[in-house]
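Proteins get letters first, then strands, A, B, ... in listed order; numbering begins at 1 in each. Fair warning: this is a prediction, and the values are worked out from it, not measured in the lab.
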Amino acid sequence: MAARTPDARRELEPVQEYTMRQYMADKVRKLQAQGEAITGTNAIVAAEPNKPGVFLGVRVFVTGYTEPSQQELRALVFTHGGLFVHYLTPAEEITYIVATQLTPKKVQEWGGRALYRVVTPAWVVDSASAGCRLPWATYQPECMRGRGQASLLRQLTSTATSNPSSVTQPTGMATELMIRTAALPPQMAANSAIPKPTPPIPSGGLGPPGSGAKGPSRTTATDPAFLKNYYQASRLHLLSAFKSELQAYIIEQVTAAGAATGPSRPPPGPGEHRVIFYADFDCFFAAVALRSRPDLVDRPVAVSHCQDPTTQSSHSDLASCNYVARNFGIKNGMHVGRARQLCPQLVLLPYDFEAYKAISRAFYQILTEYSPHVQVGSMDEAILDVTHHFPADAHPGSSDGTAYLGLAQRLRGQVHAATGCQISVGIATSIVLAKLAARRAKPHGQFYIAPETATAVIAPLPVRDLPGVGWSNANKLATQSITTIGQLQQADPSGLADLLGPKVAQQLQRLACGKDDRLVQTHTERRSIGTEVGWGVRFERTDQVIRFLADLCREVSQRMAAAAVQGRSVVLKVKRRQSGAGEPHKHLGHGLCDTFTRTASLPLATREATVLQTACERLLRQLAVPPTELRALGIQVQKLVSDTPGFVRMVEEPTLHTFFSGPQW
DNA sequence: ATCCTCCCCTAC
DNA sequence: TAAGGTAGGGGAGGAT
Ligand SMILES: Nc1ccn([C@H]2C[C@H](O)[C@@H](COP(=O)(O)OP(=O)(O)OP(=O)(O)O)O2)c(=O)n1
Ligand SMILES: [Mg+2]
């Protein structure tokens with residue numbers, strides 16, 4: 001069975017009887033965004049999953065854009081006992097096809113079939129709220145009813161305003177919002193007036209000097225120091241921020257070495273024989289914590305912010321757990337409460353961000369001694385092309401991989417000596433295979449997958465192990481009984497494309513067959529820089545929101561300076577509490593939200609915080625979310641342009657030169 | 001066709 | 001209590 005997201009798992013109480021149902025149950029929970037209560041109009045039905053099924057025994061297929069969204073429809077169908085099918089099989093049973101509009105081709109294809117009943121989303125919604133299945137014929141989309149070009153045309157041109165099923169709230173943007181946005185003048189307007197960003201409010205009562213009754217919590221975004229505190233404590237921020245630091249470092253290394261010794265040998269091309277190492281620390285954060293607590297190595301251990309051993313229901317995340325803990329079913333990302341259910345004797349240890357950074361630097365330092373072709377996976381994970389260690393005459397045919405394993409052994413020993421932590425190394429002729437080999441190698445081992453045996457070796461592995469198969473894709477595949485890589489190898493390509501989309505389907509099936517011509521890339525051009533906070537966002541007033549937004553703009557501005565880029569487009573991202581959603585289980589978390597983004601073009605490439613701020617304030621106004629409903633706020637700058645080389649960079653960019661001593665390969 | 005915007009998904 | 005970030009791939013649907 002496919003793994004569940006932590007969020008879905010968290011909320012999983014009743015275990016459903018059928019696989020399909022279980023899939024849907026998970027999906028619903030996943031969609032509720034971390035097991036918050038189901039909200040809005042859907043709550044009426046979805047909150048009572050055991051209610052007798054309006055759609056019992058009914059097959060439903062949803063296609064194209066719908067409102068409510070496909071996901072919400074799925075939830076409705078499932079919670080009322082229906083069967084949600086991912087693609088249309090040659091009809092043997094009655095299948096309800098839910099669509100707002102159909103292409104002429106589909107009208108023709110489906111219109112004549114007795115077993116296909118094409119209905120609008122309103123049929124699902126109305127039937128659900130009516131508590132019985134309503135006559136489908138009255139819910140046919142116009143294009144089906146008329147069956148003429150004229151009505152189809154009308155349908156196409158009127159979709160924006162016609163809203164047949166106003167029963168449900170829109171998932172995404174509120175209707176009111178669409179109107180406002182549409183009514184606005186073109187975004188050029190942002191360029192003309194040059195409005196100034198809102199100046200800071202003197203002291204209206206925000207800020208830590210307790211503003212009367214109950215001053216803003218130290219852990220809430222109303223506090224001026226929030227952003228800094230938050231980033232200092234956020235592991236996910238650390239992961240992302242340090243990854244880009246590493247990438248910048250690797251680029252420097254490569255260019256510096258290139259300048260000093262001439263360009264290194266280029267990495268082998270797609271068709272050529274390659275030897276790839278995939279190196280990854282074992283339970284990284286947990287292993288670091290255990291360095292100073294060797295007494296605990298044989299006990300189940302995990303790293304989290306929650307240190308109180310008495311709390312039984314904490315929703316603090318486990319960042320990493322050791323392999324002893326994994327034997328209890330504990331996984332990275334799980335909440336403390338859940339982990340304690342699985343293993344009451346679990347020991348929690350604190351984070352040590354500085355140690356992770358130091359160890360990661362040491363790790364990459366060593367890696368660059370082995371090859372200039374290093375791709376940063378994360379703090380604790382890297383891909384190396386080490387082909388050049390194995391002269392051409394050695395590898396054809398050979399390959400019990402002894403030589404490769406020897407080099408990996410040496411690397412592992414060196415990393416362990418330098419860091420006190422273990423890595424595992426996967427070896428293969430492509431990145432996917434090396435990654436799968438690394439998984440097999442864990443913990444503290446190494447494994448080589450020879451290309452001749454690859455397809456057979458990976459066939460029994462769970463499809464979830466493939467990069468690109470996350471929670472959603474795994475569950476889609478599971479609906480077609482594809483749970484192993486081998487089954488994916490055999491799957492019908494066109495069915496797969498219907499299920500996953502053409503690109504993803506093709507890519508995954510290729511990967512499943514061990515086909516992967518991606519090169520180890522030391523450098524890719526950065527295309528966006530952004531920042532986002534989805535925790536502790538609790539505002540009362542607009543001035544507080546504006547102030548926080550300004551912080552975000554300054555943050556991004558600084559990062560752009562560090563990266564020596566400017567940008568010509570800003571995106572504002574906002575999460576809004578879903579109506580009806582109560583406080584999330586996770587303390588100060590965002591809970592169940594709708595997400596919105598809005599883009600503004602900038603007149604000139606810039607990284608001026610005030611310019612970003614002005615644009616973002618405007619976008620925020622467009623979105624018209626009441627401050628109290630905000631649960632996350634973020635901005636992203638796109639269409640990046642590098643500073644002209646030379647003094648600007650030297651002046652503005654914080655130094656990376658002290659990151660390390662130097663390269664030597 | 002191809003581009004753009006607004007999503008969703010994935011990985012650590 | 002608790003620290004649910006971030007960049008990139010990709011799809012749907014509208015504009016051009
Ligand atoms: N949901 C997650 C997943 C990972 N991490 C952090 C902590 C991990 O230690 C580190 C590396 O992630 P890995 O996926 O490599 O997991 P581990 O290194 O912990 O375990 P292993 O690689 O042995 O499976 O990233 C996290 O904070 N939250
Ligand atoms: Mg790891």
Side-chain angles (χ1 to χ4, degrees), chain A residues 5-7 30-31 33-34 63-66 69-71 100-101 156-157 159-160 171-173 181 187 217-221 226-227 229-244 247 280-281 284-285 304-308 311 313-317 319-320 332-333 335-336 351 376-382 435 466-474 476 500-505 507 524-537 556 559 569 571 573 575 583-591 593-601 631-632 634 636 638-639:
Chain A
T5 56
D7 291 338
K30 159 76 173 182
L31 294 174
Q34 296 86 31
T63 183
Y65 173 83
T66 59
S69 68
Q70 290 211 17
Q71 295 177 332
T100 306
Q101 65 184 42
L156 287 169
T157 50
T159 43
T171 340
M173 102 183 65
T181 308
Q187 283 161 339
S217 156
R218 233 175 52 264
T219 48
T220 249
F226 174 81
L227 198 60
N229 292 339
Y230 180 67
Y231 280 158
Q232 277 178 18
S234 164
R235 79 191 200 278
L236 292 176
H237 177 256
L238 175 79
L239 250 33
S240 295
F242 198 74
K243 178 176 180 178
S244 49
Q247 283 168 330
D280 184 337
F281 279 93
F284 184 48
F285 290 8
S304 92
H305 281 299
C306 173
Q307 295 299 301
D308 180 355
T311 322
S313 65
S314 167
H315 285 93
S316 176
D317 280 13
S320 174
N332 289 359
H335 284 182
V336 166
Y351 288 93
V376 179
S378 71
M379 276 190 109
D380 92 316
E381 174 175 323
K435 184 177 178 59
L466 282 178
V469 180
W471 191 94
S472 174
N473 288 337
K476 286 180 187 178
L500 305 172
K503 291 279 201 183
V504 174
Q507 169 74 353
T524 55
E525 193 97 345
R526 208 212 246 281
R527 281 159 37 157
S528 72
I529 291 190
T531 195
E532 177 182 340
V533 176
W535 188 88
V537 175
V556 165
R559 287 191 211 167
S569 167
V571 183
K573 176 174 169 179
K575 277 188 197 295
E583 270 305 295
H585 294 151
K586 194 180 196 64
H587 179 60
L588 292 177
H590 54 61
C593 287
D594 292 319
T595 303
F596 307 97
T597 67
R598 285 296 178 275
T599 308
S601 300
R631 288 296 178 269
Q636 208 183 340
Q638 301 175 328
K639 301 193 177 160

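Both A/Thr524 and A/Gly501 sit near DNA chain C, but only A/Thr524 has its closest nucleotide nearer the 5' end. For A/Val504 and A/Val533, each mapped to the nucleotide of DNA chain C holding its nearest heavy atom, the one lying further toward the 5' end belongs to A/Val533.
For the pair A/Thr595 and B/dC6, the criterion of a side-chain N or O lying under 4.0 Å from OP1 or OP2 is not met. Distances shown here put every side-chain N or O of A/Arg235 at or beyond 4.0 Å from the OP1 or OP2 atom of C/dG5. At the phosphate of C/dT6, OP1 or OP2 sits under 4.0 Å from a side-chain N or O atom of A/Arg559. Using a 4.0 Å cut-off, some side-chain N or O of A/Arg527 falls inside it from OP1 or OP2 of C/dG9. For A/Asn473, a side-chain nitrogen or oxygen approaches OP1 or OP2 of B/dT10 to under 4.0 Å. Proximity of A/Ser244 to the phosphate of C/dT6: no side-chain N or O atom is located under 4.0 Å from OP1 or OP2.
For A/Thr597, the listed nucleotide lying nearest its side chain is B/dC7; candidates were B/dC9, B/dC7, C/dG5. Closest to the side chain of A/Lys503, out of B/dC8, C/dG11, B/dA11, is C/dG11. For A/Cys306, counting side-chain heavy atoms from C-beta on, the closest listed nucleotide (C/dG5, C/dA2, B/dC6) is C/dA2. Side-chain atoms of A/Asp380 lie closest to B/dC12 of the nucleotides C/dA7, B/dC12, B/dC7. Minimum atom distance to the side chain of A/Ser378 is reached by B/dC12, of the listed C/dA3, B/dC12, B/dC6. Across B/dC7, B/dC12, C/dG5, the shortest atom-to-atom separation from the side chain of A/His237 is found for C/dG5. Closest approach to the A/Ser472 side chain among C/dA2, B/dC9, C/dG5 is made by B/dC9 (side chain taken as heavy atoms from C-beta onward). You'll find that the side chain of A/Ser528 is closest to C/dA7, out of C/dT6, B/dC7, C/dA7. Taking only side-chain atoms of A/Trp471, from C-beta outward, the nucleotide of B/dT10, C/dA2, C/dT6 with the closest atom is B/dT10. Candidate nucleotides B/dC6, B/dA11, C/dG5 were compared by shortest atom distance to the side chain of A/Ser234, and C/dG5 ranks first.
Under the side-chain hydrogen bond (donor to acceptor under 3.5 Å, both in side chains) test applied with A/Thr531, the options A/His237, A/Lys573, A/Arg559 reduce to a single match, A/Arg559.
The aromatic rings of A/His335 and A/His315 sit perpendicular, their planes meeting at an angle over 60°, well past the 30° parallel limit. In this pair, A/Phe284 and A/Phe281 present their aromatic rings tilted. The plane angle is within the 30 to 60° band.
In this structure a side-chain-to-backbone donor-acceptor pair under 3.5 Å is missing from A/Asn473 to A/Leu500.
At the heavy-atom level, A/Thr531 lies under 4.0 Å from the strands shown only through sugar-phosphate atoms. Residue A/Gly589 is in base contact, counting any heavy-atom pair closer than 4.0 Å across all strands shown.
When only modelled atom types and interatomic distance are considered, A/Lys575 and A/Thr595 share a side-chain donor-acceptor pair under 3.5 Å.
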